[in-house]
Amino acid sequence: MIDLVWLHEPSLLIPLTAVLGLLVGSFLNVVILRLPRRLEHDWRSQARELLGQELYEEAPPDLVVTGSHCPNCKHKLSPLDNIPLVSWLALRGRCRYCRTHISWQYPLVELLTALASAAIAWRFGFGGQLAAGLVFTWMLIAASGIDVRTQLLPDQLTLPLLWLGLLLALVPVFVAPDAAIIGAAAGYLSLWTVFWLFKLATGKDGMGYGDFKLLGALGAWMGVASLLPIVLLSSLIGATVGGTALALRGQDRSTPIPFGPFIAAAGWSWFVFGDALRSVYATLFGIAT
């Protein structure tokens, strides 16, 4: 057996987890960019198959086997061009071969994943909760990135996240089974109810079904007691960040914006800093905890 006692030392665990986060963040960029295209191709293929039509469209690159390449010149990137964050900084945000600007998404996702992963290591330390928390974090980042780009929250991410939360509750890792089950159901049904009330009142869709599933997944991981704080936090983050983004773009508030990233940010914040946020709230309003 390999002695892993040294990993219990935060001064070692946290930076190592941050480096792991950088590497995973590079892969999450691939997921964010390629998964929606793969899904759209699969949907068109299924539709043409049902209609008895042939599909003459080449399948988009897969998530694992196909190497990365420049989207402009199509040049295959070397290992030196794929070092997370470092390559982007060394190349000054340009392709080595055609000098086209590289999107800010790549370093931002890598840096965000590194920092969020380090925070999980700081919060839970070495053990099963760390492993589960990292998977939770990475799936939220991937889902949020896809929602920002496409206003789509794929079932391929939200549903496994929900089921994993329920399975972890059997141990339990974070919450008891009853809290996870009720949290999953209440999370989904709460936004489902808001959706239909809004639709009946206005005739418009206020949010997507992916948002219901995402909140249900958060309820499965953190229990029903987490749902109200998450909804309040997501509304606050959405009003602040979303309103600022619309103002900077010169768009009015009728412009649709993805709500999934705000739910994910609020859920992750409560997952990591929930105890501290609860204490701040109690102090501000004089509530005993």
Side-chain angles (χ1 to χ4, degrees), residues 20-43 60 62-64 103-117 119-120 131-168 174 180 183-184 187-188 190-192 195 205-222 226-227 230-231 233-235 237-238 241-242 245 256-272:
L20 175 62
L22 276 178
L23 298 174
V24 173
S26 181
F27 175 70
L28 294 184
N29 270 314
V30 174
V31 175
I32 291 168
L33 292 170
R34 294 185 183 180
L35 181 58
R37 294 169 57 194
R38 296 284 301 184
L39 293 176
E40 290 173 3
H41 177 268
D42 290 344
W43 296 333
D62 60 86
L63 302 183
V64 179
S103 171
W104 278 89
Q105 173 191 314
Y106 296 96
L108 285 178
V109 169
E110 291 166 357
L111 182 59
L112 174 63
T113 308
L115 294 176
S117 299
I120 293 294
L134 289 176
V135 172
F136 176 77
T137 299
W138 298 339
M139 293 184 74
L140 287 181
I141 291 174
S144 298
I146 291 173
D147 201 14
V148 168
R149 289 180 59 88
T150 66
Q151 296 195 14
L152 170 72
L153 278 173
D155 287 350
Q156 286 76 2
L157 293 175
T158 56
L159 293 183
L161 190 65
L162 187 152
W163 287 113
L164 181 56
L166 292 175
L167 290 173
L168 289 173
F174 297 109
Y188 184 93
S190 59
L191 289 189
W192 180 88
F195 170 87
D205 292 345
M207 63 184 70
Y209 275 63
D211 297 326
F212 315 164
K213 299 167 190 173
L214 179 58
L215 188 60
L218 296 179
W221 279 75
M222 289 174 276
S226 68
L227 294 177
I230 289 174
V231 170
L233 274 175
S234 63
S235 300
I237 297 171
V241 178
I257 58 174
F259 193 55
F262 305 135
I263 298 175
W268 185 87
S269 298
W270 193 258
F271 184 68
V272 179

Got a donor-acceptor contact below 3.5 angstrom from the Trp221 side chain to the Leu161 backbone?
yes
Which atom of Ala266 lies closest to which atom of Ser234, heavy atoms considered:
CB-N, 3.4 Å
Under 3.5 Å, is there a donor-acceptor pair between the side chain of Ser26 and the main chain of Leu23?
no
Applying ring-ring contact (aromatic ring centres under 6.0 Å, His included) between Phe136 and each of Trp268, Trp270, Phe271, report the one that passes.
Phe271
In residues 210-217, what donor-acceptor pairs under 3.5 Å come from side-chain atoms, sequence neighbours left out?
from   : atom 1 : to     : atom 2 : distance (Å)
Asp211 : OD1    : Gly260 : N      : 3.4
Asp211 : OD2    : Gly208 : N      : 3.3
Lys213 : NZ     : Asp155 : OD1    : 2.7
Lys213 : NZ     : Asp155 : OD2    : 3.2

Sub-3.5 Å donor-acceptor pair from the side chain of Ser144 to the main-chain atoms of Ile141, do we have one?
no
After noting the C-alpha distance and the side-chain angles of Leu153 and Ile146, does the key distance pass the side chain to side chain contact (heavy atoms under 4.5 Å, CB included) rule?
CA-CA 7 Å; Leu153 278 173; Ile146 291 173; over 6 Å; no
Does some side-chain heavy atom of Pro107 sit less than 4.5 Å from a side-chain heavy atom of Leu111?
no
Nearest non-hydrogen partners of Ala220 and Leu162, listed with the distance:
CB-O, 3.7 Å
Please report the closest heavy-atom contact between Phe174 and Ala132, naming both atoms and the distance.
CE1-CB, 3.8 Å
Side chain to side chain contact (heavy atoms under 4.5 Å, CB included) for Gln105 and Val148? Distances and angles first, verdict last.
CA-CA 11 Å; Gln105 173 191 314; Val148 168; over 6 Å; no
Considering all heavy atoms, the nearest Pro154-Leu35 contact:
CG-CD2, 4.3 Å
Whether the side chain of Arg38 engages the backbone of Pro60 through a donor-acceptor N/O pair (distance < 3.5 Å, no angle test) should be reported.
yes
Leu227 and Gly219 have their tightest heavy-atom pair at CD2-CA, 3.8 Å
Any side-chain heavy-atom pair from Pro36 and Arg149 closer than 4.5 angstrom?
no
Applying side chain to side chain contact (heavy atoms under 4.5 Å, CB included), run through Phe27 and Trp138 and close with a yes or a no.
CA-CA 10 Å; Phe27 175 70; Trp138 298 339; over 6 Å; no
Does atom CH2 (Trp43) have a neighbourhood of more than 12 heavy atoms from anything else shown, all under 6.0 Å?
yes
For the student: nearest non-hydrogen atoms of Ala142 and Leu28, plus distance
CB-CD2, 4.1 Å
